[in-house]
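In the text below, chain A, chain B and the rest are named by the order of the sequence lines, each starting its count at 1.
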Protein chains: 2
Amino acid sequence: MSMRLQDVSETAPLRSCTHEYKVNCETCRLSKICLPLAINHQDLEQLESIIQRSKPLQKNELLYHEGTPFQSIYAVRSGAVKGYRTTSDGREQVTGFYFPGEILGMDGISNNSHASSARALETSAICAIPFDSLERLSASMPSLQRHLFQLMSREITEDQLLITLLSKNSADERVATLLLSIASRNARRNLSASQFRLPMSRVDIGNYLGLTVETISRVFSRMQKNGILCVDNKEIEILDQEALQLAANIAN
Amino acid sequence: MSMRLQDVSETAPLRSCTHEYKVNCETCRLSKICLPLAINHQDLEQLESIIQRSKPLQKNELLYHEGTPFQSIYAVRSGAVKGYRTTSDGREQVTGFYFPGEILGMDGISNNSHASSARALETSAICAIPFDSLERLSASMPSLQRHLFQLMSREITEDQLLITLLSKNSADERVATLLLSIASRNARRNLSASQFRLPMSRVDIGNYLGLTVETISRVFSRMQKNGILCVDNKEIEILDQEALQLAANIAN
DNA sequence: CCGCGGCCATGATGCAGATCAAGAATCGGC
DNA sequence: GCCGATTCTTGATCTGCATCATGGCCGCGG
């Protein structure tokens, strides 16, 4: 049995019930991978002033919903969030998982209404950044403007990677690629790249990768049998990084 | 046999060999769906001054290539372009088709190098818009800045639609959805939404939709037999819009 | 006019992953 | 700490599309 890490915040501990939480970008461990890249102290204070932090989302709580008026983009401070869109026949398609330091919600800009929904996969602290303020600020801060363009551009290239994955790769390759992606994002936050807890269910993984739950289970089992992984429910250990990379890279 | 429309420019006719071609945004039939949305006359002149137009690309010519330094985004003025990325094992994944009035190349912003390649599907006239100039300009033109954010955001939502299509839909649904997308983009340019020439090969369609050439052929044949389409090589006529919509919407 | 190369169509067969089914493990509420 | 609900695993079977194979068509150069 493994320790539960679910509710451990990666930033300062949260006060229980005040309206605004005592955190700021300057002391945030994630600042380097989040918004304020290449911004000086003064600018940071300005940015700081528009960012809103509300009380943490509980597991399964909705951050925003498709069709809802777009106002803010969001930064994950702790926990994990899934983005998804609902098809006309009511099924959902998971379009991404978002971990601490990552930004979501930018698909809402084009129509002033969210094109997708976002839901907490576990208890999660989120920073909301009102987009109109951000827009105004970025007109006078070239580095911020640039950073925003880059963030959106990265989202595009990542979506294109997923498109390629879905279109060209086998089940094993897809799963391996996802695990490696999570591992490297963990590394970026100075967490273990070889041992972690998946915050999402098998259903969500399958949905994201265009596969069924059963297939995800089978791939995990197979990789366990082959000594590539150690899988204990949501707890994953990568035993053979090389082999996993190989499994992912066969065609990608 | 149907008339060939391949090389007909949708804007002013092109001179044969001068360095800069005589076209401008103000008289461009596509201005409404291209960049200069919500920009006044003065601003337009400024924007105009940075846009470069070079001699048309011939069929199969490369517009930009993966890994190449990123300098400009591109607007299609006539013809058609495919965007694609090359997987590590050398195969390609088509990530989008771009028609007149549409913008491509924004995936290059995040790393200052193109994350994908783009190739002309037929003789095509392209406007290159140097991104650093655009960035500078947009800092002083809020409407332009907003327009750029919106363009990128739209690219994101469109990629997410493709992700959903690849992940959840059958071959018939995918093909039907693509045809409807092309039809509606034609309509936006005041061209026929029911009769058009596909600028891309079956291979490219299959690649884009995550299917093989054979499957594309079969779907076309089946839809022809069912009276939904009339297919004459690359010439497509949609005979039963309703049925096609139905075929696309089964799960989407 | 013929012959060659690229593109397209269509049939026969195979297979990866979906679907169906049934248990086992884990979670969450009381 | 128990019990129902949910999530996960594993097996058996089915199926949509890939793959393989072949032949037709069209455009182009000689």
Side-chain angles (χ1 to χ4, degrees), chain A residues 1-7 58-61 82 91 93-94 121-123 165-176 197-226 229-236 247 250-251, chain B residues 1-4 6-7 58-60 82 91 93-94 121-123 165-176 197-226 229-236 247 250-251:
Chain A
M1 288 304 91
S2 56
M3 198 173 52
R4 302 254 242 83
L5 295 170
Q6 197 164 323
D7 293 351
Q58 291 308 116
K59 180 171 174 172
N60 287 327
E61 268 190 277
K82 73 169 171 182
R91 291 179 304 169
Q93 170 65 41
V94 174
L121 290 168
E122 55 190 38
T123 308
L165 196 68
L166 291 174
S167 172
K168 296 259 180 305
N169 295 79
S170 70
D172 286 36
E173 289 160 0
R174 295 183 207 185
V175 172
R197 182 176 198 282
L198 295 174
M200 73 291 279
S201 69
R202 301 281 194 271
V203 178
D204 284 335
I205 295 176
N207 192 317
Y208 176 70
L209 296 175
L211 300 167
T212 57
V213 211
E214 293 94 325
T215 302
I216 304 298
S217 257
R218 282 186 243 272
V219 172
F220 277 167
S221 299
R222 205 177 314 143
M223 287 186 172
Q224 168 134 263
K225 197 161 57 188
N226 295 344
L229 297 180
C230 176
V231 183
D232 172 19
N233 200 8
K234 306 210 160 187
E235 215 58 57
I236 300 283
I250 297 283
Chain B
M1 286 307 90
S2 55
M3 198 173 51
R4 301 254 242 86
Q6 196 164 326
D7 291 352
Q58 291 308 114
K59 181 173 172 169
N60 288 326
K82 73 169 171 181
R91 292 179 304 170
Q93 170 66 42
V94 174
L121 290 167
E122 56 189 38
T123 309
L165 196 68
L166 291 173
S167 172
K168 296 258 180 304
N169 295 79
S170 70
D172 287 37
E173 291 160 359
R174 294 183 209 186
V175 172
R197 181 176 199 280
L198 295 173
M200 73 293 278
S201 69
R202 302 280 193 274
V203 178
D204 284 334
I205 296 176
N207 192 317
Y208 176 69
L209 296 175
L211 301 166
T212 57
V213 211
E214 293 93 325
T215 301
I216 303 298
S217 260
R218 281 186 244 270
V219 172
F220 277 167
S221 299
R222 206 176 313 144
M223 288 184 171
Q224 168 134 264
K225 198 161 55 189
N226 296 344
L229 297 179
C230 177
V231 184
D232 172 19
N233 202 6
K234 306 209 161 190
E235 216 58 56
I236 299 284
I250 296 283

| request: Name every residue in residues 215-224 of chain A that has at least one heavy atom under 4.0 Å from any atom of DNA chain D, in order of residue number, or write none if there are no such residues. | output: A:Ser217, A:Arg218, A:Ser221

| field | For DNA chain D, the residues among residues 198-205 of chain A that have a non-hydrogen atom under 4.0 Å from it | value | A:Ser201, A:Arg202, A:Val203

Would you kindly give the [atom1]-to-[atom2] distance between [X] and [N], to the nearest whole Å?
X: A:Leu166; N: C:dG17; atom1: CG; atom2: C1'; value: 14 Å
X: A:Lys168; N: D:dT19; atom1: NZ; atom2: P; value: 10 Å
X: B:Lys59; N: C:dG6; atom1: NZ; atom2: C1'; value: 10 Å
X: B:Leu229; N: C:dC8; atom1: CG; atom2: P; value: 16 Å
X: A:Lys225; N: D:dT9; atom1: NZ; atom2: P; value: 14 Å
X: A:Asp232; N: C:dA25; atom1: CG; atom2: C1'; value: 11 Å
X: B:Leu209; N: D:dG16; atom1: CG; atom2: C1'; value: 16 Å
X: B:Leu121; N: C:dG6; atom1: CG; atom2: C1'; value: 16 Å

| Rounded distance (nearest 0.5 Å) linking atom CG of B:Asn207 with atom CD of B:Gln93 | 5.0 Å

| request: Nearest 0.5 Å please: distance from the CD atom of A:Glu122 over to the CD atom of A:Gln58. | output: 11.0 Å

Looking at every heavy atom in both [X] and [Y], which two are closest together, and how far apart are they?
X: B:Leu165; Y: B:Glu173; value: CD1-O, 4.4 Å
X: A:Ala247; Y: A:Met223; value: CB-CE, 4.4 Å
X: A:Leu166; Y: A:Leu209; value: CD2-O, 3.2 Å

May I ask you to test the [X]-[Y] pair for a side-chain heavy-atom distance under 4.5 Å?
X: A:Ser201; Y: A:Lys234; result: yes
X: A:Arg222; Y: A:Asp172; result: yes
X: A:Met200; Y: A:Lys82; result: no

| Nearest-nucleotide comparison on DNA chain C, the residue closer to the 5′ end among A:Ser170 and A:Asn233 | A:Ser170

| task | Name the residue closer to the 5' end of DNA chain C, choosing between A:Arg174 and B:Val231 according to the nucleotide with the nearest heavy atom. | result | B:Val231

| field | Of the listed nucleotides D:dT9, C:dA18, C:dC20, the one nearest the side chain of A:Glu214 | value |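 Ranking D:dT9, C:dA18, C:dC20 by closest atom to the A:Glu214 side chain puts C:dC20 first.
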
| task | Return the nearest nucleotide to the side chain of B:Leu211; candidates are C:dG17, D:dA18, D:dC8. | result | D:dA18

| request: Assign A:Gly210 to base, sugar-phosphate, or nothing according to its heavy-atom contacts below 4.0 angstrom with the strands shown. | output: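 Sugar-phosphate contact only - A:Gly210 comes under 4.0 Å of backbone atoms but never of a base.
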
| message | Donor-acceptor pair, distance only, cut-off 3.5 Å: does the side chain of A:Arg202 make one with the backbone of A:Asn233? | response | yes

